[in-house]
Amino acid sequence: MPLALLALAVGAFGIGTTEFVMMGLLPDVADDLHVSIPSAGHLVSAYALGVVIGAPLLAAVTARLSRRTVLISLMALFIAGNALSAFAPGYDSLLAARFLSGLPHGAFFGVGAVVATSMVAPERKARSVSLMFLGLTIANVAGVPVATLTGQHLGWRATFLGVSVIGLAAIASLALLIPHDHTHAPTGGLRSELAALRSLPVWLALGTTVAGFGALFAAYSYVTPMLTDAAGFTEGSVTLLLALFGVGATAGNLLGGRLADHAMRGTLFGGLASLAAVLVLFPVLMRAEWSAALAVALLGMAAFVTGSPLQLMVMEKASAAPSLASSANQAAFNLANAGGAWIGGLALAAGFGVTSPAVAGAALAALGLGVAGVAYGVDRRRGALSFGRERLVAGHVPEQAEALQP
């Protein structure tokens, strides 16, 4: 694997850290800025909104630029957003800075995935994507806990200054390691990029991402009350258990990349089925501490097995102009984050019990499996039609046409 993938992983590490660290810093930010916890929670939503808007927008407006230049520019925007967060004088300015920080997120992963796959042989594409995503999963194991502790001891502003330093390291790595010859500007430009979003298979792949990762976030958004109220853990031990989720996600990401290079569709189906099974068993596994810890790790593993095949599938369905579609997949991931948390909250509000969000997540995973099945059927039908057209072009005309020949 090219050393250049390390540069993409460093950028992904910084992005993953700043995305998730706000959840651990909400009480500190709320106290310092004199706002309520729910109001501070809007800072998480502002970041996610930035991702959803920025992913397709920035990928589209940079369609004619060198992908190497785009990646470096996106990290510069990332640094600006985090630096402004560190020096934000009040709540409104911090809200705007968090939105700005989210803008480059999806486009970086989308364009980065295109660059990663361009540097390896076809049979290693999924693994190259998984190695870039490795920075994101390691951020959950190491980056977020360290950044949270930094914020709790040195102030939350120090956390965002530290993330800005990670961004500088990412820019240096990108400039040093990403080769120019693999990052030329796409010849089609914006028009061909937009054309990718008119494809039904692309939308089915994006729908699979929303449903599949919505299943994850329906449960993960409420995993803390599950661990404390159902499994009996103390609140102080939850941080360690969430690190277990990161370990599982890292293992699943690497496994999914390796398996998808051999059978992309089979890996996707297997990952979604495994995720549904884990979520169905969640209420049972939450009855004891040891099984609850196992459940958290398995949740991360089953969910992130699907990450690389989903990203690769979107790129392949938009092979003529993959950057915009690839970035749109990151927007779909963040829609899954918001939508999954909302659906899990509905289950809780309905009084179905503290573990009910996991069951709701299992239903979403089953929906994702169904959408993936429809996508497979569409691909087979289109493949059969394409094969038929090839036979006609090759001279294999139907019998009715042969009868008309002199």
Side-chain angles (χ1 to χ4, degrees), residues 16-17 19-31 37-38 40-41 44 136-153 156 159 213-253 274-305 337 340-365:
T17 300
E19 178 182 18
F20 293 108
V21 74
M22 182 57 76
M23 299 172 188
L25 295 177
L26 283 182
D28 303 89
V29 174
D31 288 342
I37 292 290
V44 177
L136 180 64
T137 57
I138 290 179
N140 282 282
V141 180
V144 173
V146 171
T148 302
L149 288 174
T150 300
Q152 290 171 347
H153 289 86
W156 61 269
T159 294
F213 277 96
L216 165 65
F217 287 110
Y220 187 66
S221 300
Y222 305 97
V223 71
T224 296
M226 290 188 211
L227 291 171
T228 55
D229 298 349
F233 283 101
T234 62
E235 291 186 1
S237 59
V238 170
T239 301
L240 179 60
L241 292 166
L242 295 183
L244 276 180
F245 172 85
V247 171
T250 300
N253 173 55
S274 300
L275 179 59
V278 169
L279 289 170
V280 164
L281 292 173
F282 238 64
V284 176
L285 295 173
M286 284 292 155
R287 294 176 182 173
E289 290 187 353
W290 70 268
S291 57
L294 176 64
V296 171
L298 290 176
L299 176 64
M301 177 177 287
F304 278 86
V305 160
N337 189 339
W342 177 68
I343 290 173
L346 289 179
L348 274 179
F352 293 131
V354 71
T355 59
S356 61
V359 180
L364 286 173

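A quick note: this is a predicted structure, and the numbers were derived from the prediction, not measured.
With rounding to the nearest 0.5 angstrom, the CZ atom of Phe352 is 10.0 Å from the CG atom of Leu346. Note that the NE2 atom of His153 and the OG1 atom of Thr159 stand 11.5 Å from one another [nearest 0.5 Å]. In this structure, CG on Asn337 lies 8.5 Å from CG on Leu216, to the nearest 0.5 angstrom. Leu348 contributes atom CG, which lies 7.0 Å from atom CE of Met226 (distance to the nearest 0.5 angstrom). Distance CG/Leu227 to CD/Glu289: 9.5 Å, rounded to 0.5 Å.
Minimum heavy-atom separation, Ala215 to Ala365: CB-N, 3.5 Å. In terms of heavy atoms, Gly344 sits closest to Pro357 at O-CG, 3.5 Å. Nearest heavy-atom pair, Val141 versus Gly246, reported as atom, atom and distance to 0.1 Å: CG2-C, 3.2 Å. Shown here for Val21 and Ala147, the closest heavy-atom pair between the two residues is CG2-CB, 3.5 Å. Counting all heavy atoms, side chain and backbone alike, Ala362 lies closest to Val280 at CB-CG2, 3.6 Å.
Within the 4.5 Å cutoff, the side chain of Leu241 has heavy atoms near those of the Leu244 side chain. For the pair Phe217/Leu364, no side-chain contact is recorded, criterion being any heavy-atom separation below 4.5 Å from C-beta on.
Judged by distance alone, the side chain of Thr355 and the main-chain N or O of Pro283 form no donor-acceptor pair under 3.5 Å. Counting only distance, with no hydrogens or angles, the side chain of Tyr222 and the backbone of Gly345 share a donor-acceptor pair below 3.5 Å.
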Identify each donor-acceptor pair in which a side-chain atom of residues 291-304 lies under 3.5 Å from a protein atom, sequence neighbours left out, and give them as a table.
residue: Ser291; atom: OG; partner: Leu285; partner atom: O; Å: 2.5
residue: Ser291; atom: OG; partner: Ala288; partner atom: O; Å: 3.1

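Contacts classified as side-chain hydrogen bond (donor to acceptor under 3.5 Å, both in side chains) and involving residues 139-151 (residues at least two apart or in different chains) are not found.
Partners of Phe282 under the ring-ring contact (aromatic ring centres under 6.0 Å, His included) rule, at least two apart in sequence or in another chain, do not exist in this structure.
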